[in-house]
Amino acid sequence: MKKVCAALITAFLISALCGSSMRAAELMYGDLNDSKSVDSIDYAIMKSYLLGMRSLTGEALTAADVNGDGSVNSIDYAIMKQYLLGIISVFPASEQVTPTPQVTLPPVPEFKYVSVHDPSIIKTNDTYYIIGSHLASAKSKDLIRWEQISNGVSNYNPLMPNVYIKLKTAFEWAETDTLWAGDWIQLKNGKYYMYYCMCKGDSPRSALGVAVSDNIEGPYEDLGIILKSGMWGQKSEDGTVYDATKHPNVVDPHVFYDKDGKLWMVYGSYSGGIFILRMDENTGKPVFGQGYGKRLLGLNHSRIEGAFIQYSPETDYYYMFLSFGGLDASGGYNIRVCRSKNPDGPYMDSSGKNMIYCHGANGTMFDDKSIEPYGAKLMGNYYFADSKSGYVSPGHNSTYYDEVTNKYFIVFHTRFPGRGEEHQVRVHQMFINSDGWPVIAPHQYAGETIGKYTLEEVSGTYAYINHGTDISASVKNSSKIFLNRDGTVSGSVSGRWNLTGDNKITLTIGGVEYNGVVLKQYDVGLKKFVMTFTALQKGGNTAIWGSGF
């Protein structure tokens, strides 16, 4: 027996000297106290670790990962129990012979930026197109290098030449000379429909209309105004006298098909809130007799706008993205999300609140404090100190789901710290967390694909952002934290973290649980690929980010 034990010990020492892990010796899995056996003492050690009463490092932590998924959690604890009871004779990790596949990183990106305020995305003919305010548009093959198509309302804009002549009635109604946020969609007849809107600006006197073209890049021909607002003292679209505290400002349209092939339009900004209408796909106009449609949230001039609805076949939810706050550099613009099983609601946020109650108090205007608790805040003002990069007032987004690659993208405009009102388009990847909520990757999309990551890859130093739930011009500056190999979090915050599956992460910080993903991304400030994490509070509306060094 002594010879056998000596042989086993010698074999282990040789494998260690050769740079192999403890996987070379089967029974080393589960042996947390280096006793060369697996017994109730090891079981007690694992329990203490999971309760946070002790730490594990190095080989002991590797040995505790008895199912070989790169993390230590309650699953390993259950497997350990099965082993000690004789239900299984070999740990799953011992049977793994295929090495963890390496994530292939894309080449270093060459970004090309454009300025399209309030970008709305569509993909057609293997090309992504965005349209926004002021009849600005751009296109890209890869979401990384963008080319400007048009910019500025003039009679020479290629999307709609002679626009002031074609839309003369709408411009006169809205008492303006420019266009606000547009949207476009290809309907089942193959034609492209461009939804345009214009607003007086200091009041909700607005017009919303639609134009059509056989070509995504135009020229578009007007089909007429479909909604008006701001008719003081007169009957509105629903037959009652217009009241800006409860009726919508008819701007910011988004037209989409639901999972059953029905066409809808969600729209609205400030004033009476966000509304949704059934649309007739044969005409591209609202189904007759709906007035302004159904209100989804907002009242009393709450600073909420830019609604965009994305269906996810992965979760069978409709996600409504919204921008809270003001769009300028001092406005505290931020991106939020809520979800529903139906395109027309009711929509709930991550904390379980019904968004129909998200509005300012009666008799108020721009009552941010009343709406701050609603909607999961996915992104606001932030600054990564080490990479010297960040955003100010990111918002008015659209999204795109690629059914082939199963990738979700969010497209938005943003301003930047120290650069005033200059704005550009940015595209980030999104992921669905274990609670069924979207989370946004911390860095702009550079062609990366999420993969399988190990405990060694994920543990390390991170620049940490907590986006909070406020609507504020202040910028969230990053602080330094450490995701330690033993599953603890230290630095500016403390807690625990756990990696499950290929790329799912759970962080518990200050007693609050956050669920999300990890992935490698390109940090444009550091000019290298780094590990990142993005997560959303479980049962709450706060998002957190981490970006490695």
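Residue numbers start at 1 and run along the sequence shown.
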So Ser120 and Asp183, side chain to side chain donor-acceptor pair (under 3.5 Å) or not? Walk me through it.
-> CA-CA 6 Å; Ser120 181; Asp183 185 46; 2.4 Å; yes
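- The local environment of NZ in Lys188 is crowded, with over 12 non-hydrogen atoms from other residues, nucleotides or ligands closer than 6.0 Å.
- Within the structure, no pair that satisfies the salt bridge (Lys or Arg N to Asp or Glu O under 4.0 Å) test touches residues 540-549, not counting sequence neighbours.
- Ring centroids of His117 and His423 are separated by less than 6.0 Å, placing the two rings close together.
- Here Glu147 does not pair with Lys112 in a salt bridge; the nearest charged N to carboxylate O distance is not below 4.0 Å.
- Ring centroid separation for the pair Tyr318 and Tyr347 does not come in under the 6.0 Å cut-off.
- A salt bridge links Lys377 and Asp470; the closest N-O separation between the charged side-chain nitrogens and carboxylate oxygens is under 4.0 Å.
- With Phe533 as the partner, the ring pair (Phe, Tyr, Trp, His ring centres under 6.0 Å) test is satisfied by one option alone out of Tyr453, Phe431, Trp545, Tyr462: Tyr462.
- Ring pair Phe321/Tyr319 is tilted by interplanar angle, where 30° to 60° counts as tilted.
- Between Tyr382 and Phe384, the ring planes lie perpendicular to each other; the angle is over 60°, past the 30° to 60° tilted range.
- Scanning both residues, Tyr267 and Val250, for their nearest heavy atoms gives CE1-CG1, 3.7 Å.
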Under the side chain to side chain donor-acceptor pair (under 3.5 Å) rule, what do Asp222 and Tyr196 come out as? Steps first, then yes or no, please.
-> CA-CA 10 Å; Asp222 185 35; Tyr196 61 84; 2.7 Å; yes
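- Note on ring orientation: taking the six-membered ring where Trp is involved, the planes of Tyr391 and Phe412 are perpendicular (angle over 60°, cut-offs 30° and 60°).
- Taking 4.5 Å as the limit, some side-chain heavy atom of Leu143 sits within range of a side-chain heavy atom of Phe409.
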Verdict with supporting geometry, Ser351 and Asp349, side chain to side chain donor-acceptor pair (under 3.5 Å) = CA-CA 5 Å; Ser351 69; Asp349 68 15; 2.7 Å; yes
